[in-house]
Protein chains: 2
Amino acid sequence: MFDRVDSSVTRQQQTCTGCSLSQLCLPVSLDDADIGMLDGIVQHQPVLQRGAHLYQEGNAFRALYAVRAGSLKTYTTTESGDQQVTGFHLPGELVGLNAINRWTHPCSAVSLETTSVCELPFEQLEHLAADIPGLQRQLLRLMSREIADDQDMLLTMARRNADERLAILLLSLSERFGQRGLSATRFRLSMARGDLGNYLGLAPETMSRIFRRFQDQGWIRAEGREVELLAVDALESLAGRSASDSQKAG
Amino acid sequence: MFDRVDSSVTRQQQTCTGCSLSQLCLPVSLDDADIGMLDGIVQHQPVLQRGAHLYQEGNAFRALYAVRAGSLKTYTTTESGDQQVTGFHLPGELVGLNAINRWTHPCSAVSLETTSVCELPFEQLEHLAADIPGLQRQLLRLMSREIADDQDMLLTMARRNADERLAILLLSLSERFGQRGLSATRFRLSMARGDLGNYLGLAPETMSRIFRRFQDQGWIRAEGREVELLAVDALESLAGRSASDSQKAG
DNA sequence: CGTTTGTTTGATATTCTTCAAGGAATGTGG
DNA sequence: CCACATTCCTTGAAGAATATCAAACAAACG
């Protein structure tokens, strides 16, 4: 009896139905009945302490994971041993999409703070997607978005200088925090400067210098990992315009 | 009558069933009956002359396209007007996957030589994928691979120097030509040096210099767009190992 | 055959990394 | 609560890699 009550309480917290992120996540555009079916396959909600791995490079692929609270970093390890950060993942975002092809995770996922995720066993998700058109479509849409975002990031790496890259990343994080009901202009980064730089293909020292320059310009205020965007328009013009202009900025 | 005969002949050339690329493309692991259904939705097989666009950035998304013969380049245009190449696409490869999310093409696709493609109307493909488990799975796999490949490319852009990038690209092309039954060590590039460099985030002059260096090392032979790989192992060690070693090489 | 497009080479400039070292923040065990 | 260790961040100076500029050359095209 106690178990019953307990599990039902837990259950409620675990359902997509009751999840405030459902409009950012897989259930978008599903009706209640369909969301109920999706709830039926959500298996575990592991809680990860900072530094704990959700999966590691080379692990067998069994499930996709949706971030429920907290944040994750995904990264691969190069032959020379150092890591390359491939992404930061906020609540409502899915990780593991790159593992479907080979049934093996090509990167590791590690928690940046206390983080909980929903586990979506992939084979069951596939079956469900065949039965629920809206779910199949949303899954394809999320994967398509990931592709488009990664390619956008490629453009950033290929064509943007260091200042522009940081502006683009700050605005991306800002937008994503905003979508999640948090402040878009004042937020706490869960990742180290070094991780930000690594993700952007820049040395940590370079990151530090750009943060300083942005502050000297009065564009941001940064105290440790606490960041406030003071001149979003300046950052946008840096992010949106081609190079050759960061000199004026520096 | 004539039309009938003509179209049936054309039809035969158009089917996935009779296509030598079916094992690289969407039909992988489908049985004959399922491939027949897939054939049923393949609508047009446009032939594109060099320089002709399959679609342009901003166009409405209606279909995915599989390259049947020839090759494509996808690219986005930056605010400052110059282009960023996001990929080269050989026979058997799908383009348009990044358009599913917003129903708009986020990049343009242009033919690099006389190229023919199979058009896969997306809504019909979605319906079919819901009915044919193997098709849904293959579609998800192809998208997953695209994500993994793009992220791998991100790592290349973030961590590799110019020599390593070219080695990685040459080996990638080599492997893909090999998979298609062509020589893996001797092939004709359909794209200009400038496009290769653009894709790799390097100036055309830099590309030219690296090509020269690779030739001086005896690793490749390049006459115009005709390329022969003479020392695959040297290229592999450059591609596979971390930086700091291209100095010895250069 | 002239025009356009693409390729090569050299010289110079710029951006970013690397190296080195000090300082701040955070966490841990006494 | 403090001392110590560890990690993270910052700053300066020097060096390396690649971009840019300029110009000649080659190839492809109509």
Side-chain angles (χ1 to χ4, degrees), chain A residues 49-51 73 80 82-85 110 112-114 156-166 188-198 200-216 220 222-227 238 242-250, chain B residues 49-51 73 80 82-85 110 112-114 156-167 188-216 220 222-227 238 242-250:
Chain A
Q49 295 305 312
R50 188 161 82 88
K73 166 181 90 172
S80 44
D82 41 38
Q83 55 178 236
Q84 167 63 33
V85 175
V110 66
L112 292 168
E113 57 194 310
T114 303
T156 297
M157 303 292 287
R159 289 268 164 281
R160 309 293 198 158
N161 66 26
D163 298 74
E164 294 168 339
R165 289 185 205 178
L166 180 57
R188 179 177 171 72
L189 301 174
S190 58
M191 66 294 284
R193 290 272 195 289
D195 281 338
L196 292 175
N198 184 302
L200 296 174
L202 300 169
E205 295 95 329
T206 304
M207 286 302 293
S208 187
R209 284 184 248 266
I210 302 173
F211 260 93
R212 165 135 305 287
R213 246 180 294 170
F214 279 14
Q215 286 190 80
D216 291 347
I220 67 171
E223 287 178 36
R225 295 186 176 180
E226 210 70 51
V227 174
L238 198 56
S242 83
S244 82
D245 174 297
S246 55
Q247 228 167 328
K248 209 189 311 177
Chain B
Q49 295 305 312
R50 190 160 82 87
K73 165 181 92 173
S80 45
D82 41 38
Q83 56 178 233
Q84 167 63 33
V85 175
V110 66
L112 291 168
E113 57 192 313
T114 303
T156 297
M157 303 292 287
R159 289 269 163 281
R160 308 293 199 158
N161 66 25
D163 298 74
E164 294 168 339
R165 289 184 205 179
L166 180 57
R188 178 177 172 73
L189 300 174
S190 58
M191 65 295 282
R193 291 273 196 288
D195 281 338
L196 291 174
N198 184 303
Y199 176 61
L200 295 174
L202 300 169
E205 296 95 329
T206 304
M207 286 301 293
S208 186
R209 284 184 247 267
I210 302 172
F211 260 92
R212 165 136 304 288
R213 243 180 297 168
F214 280 14
Q215 287 190 79
D216 291 348
I220 67 172
E223 286 178 39
R225 295 186 177 181
E226 210 68 53
V227 174
L238 198 55
S242 83
S244 82
D245 173 300
S246 55
Q247 227 168 329
K248 210 188 307 176

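For the numbers below, each heavy atom of this structure counts, side chains included, while hydrogens, waters and symmetry mates do not. Just so we're on the same page: letters track the sequence lines, and every chain starts at 1.
Counting heavy atoms from C-beta outward, A/Arg165 and A/Asn161 have side chains that stay 4.5 Å or more apart. Between B/Phe211 and B/Asp216 there is no side-chain heavy-atom pair separated by less than 4.5 Å.
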Extract all donor-acceptor atom pairs below 3.5 Å that involve side chains of residues 197-207 of chain B and protein atoms in other chains or at least two apart in sequence.
unit_1   : atom_1 : unit_2   : atom_2 : d
B/Asn198 : OD1    : A/Arg159 : NH2    : 3.3
B/Asn198 : OD1    : B/Val85  : N      : 2.7
B/Asn198 : ND2    : B/Gln83  : O      : 2.6

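For B/Leu189 and C/dG6, the CG to P distance is 15 Å, given to the nearest whole Å. Rounded to whole angstrom, the span from the CZ atom of B/Arg225 across to the P atom of C/dT5 amounts to 14 Å. The separation between B/Leu112 atom CG and C/dG6 atom C1' is 14 Å, rounded to whole Å. Separating the CZ atom of B/Arg159 from the P atom of C/dT17 is a distance of 9 Å, rounded to the nearest angstrom. In this structure, the CD atom of B/Gln215 is 12 Å from the C1' atom of C/dT8, given to the nearest Å. As a whole-Å value, the separation of A/Glu223 CD from C/dT26 P is 11 Å. Distance, A/Leu166 CG to D/dC9 P: 13 Å, rounded to whole Å. In this structure, A/Asp82 atom CG and C/dT18 atom C1' are separated by 14 Å, rounded to whole Å.
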How does protein reach along nucleotides 18-24 of chain D, written 5' to 3' as B (base within reach of a heavy atom under 4.0 Å), S (only sugar-phosphate), or - (no contact)?
SSBB---
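Rounded to the nearest 0.5 angstrom, A/Arg225 CZ and A/Leu112 CG are separated by 8.0 Å. We find the CZ-CD1 distance between A/Arg212 and A/Ile220 to be 9.5 Å, quoted to the nearest 0.5 Å. How far CZ of B/Arg209 is from CG of B/Asp163: 12.0 Å, rounded to the nearest 0.5 Å. With rounding to the nearest 0.5 angstrom, the CG atom of A/Leu166 is 5.5 Å from the CD1 atom of A/Ile210.
For A/Arg188, the salt bridge (charged side-chain N to carboxylate O under 4.0 Å, His left out) partners two or more places apart in sequence, or in a different chain, are A/Glu226. Residues that satisfy the salt bridge (charged side-chain N to carboxylate O under 4.0 Å, His left out) test with A/Arg50, not counting sequence neighbours, are absent from this structure. Taking A/Glu113 as the reference, A/Ser71 meet the side-chain hydrogen bond (donor to acceptor under 3.5 Å, both in side chains) condition, with sequence neighbours excluded. In terms of the side chain to side chain contact (heavy atoms under 4.5 Å, CB included) criterion, residue partners of A/Gln49 (sequence neighbours excluded) are, by chain and number, A/Val47, A/Thr114.
A/Arg193 contributes a side-chain N or O that, together with a main-chain N or O of A/Gly224, makes up a donor-acceptor pair within less than 3.5 Å.
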Dump the pairs, protein N or O against N or O of nucleotides 28-30 of chain D, anything under 3.5 Å, distances to one decimal.
unit_1 : atom_1 : unit_2  : atom_2 : d
D/dC29 : OP1    : B/Arg50 : NH2    : 3.0

With the criterion being N/O to N/O and under 3.5 Å, what pairs connect the protein with nucleotides 22-25 of chain C, and how long is each?
none

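End-to-end axis angle of the helix from C/dC1-D/dG30 to C/dG30-D/dC1, from C1' rotation axes over five pairs per end: 50° (rounded to 10 degrees).
Contacts between residues 192-199 of chain B and DNA chain C, defined by a heavy-atom separation below 4.0 Å, involve B/Ala192, B/Arg193, B/Gly194, listed by number.
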For A/Leu238 and A/Phe214: C-alpha separation, side-chain torsions, deciding distance, then whether side chain to side chain contact (heavy atoms under 4.5 Å, CB included) applies.
CA-CA 11 Å; A/Leu238 198 56; A/Phe214 279 14; 3.7 Å; yes
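Within the 4.0 Å cut-off from OP1 or OP2 of C/dT8, not a single side-chain nitrogen or oxygen of B/Arg212 is found.
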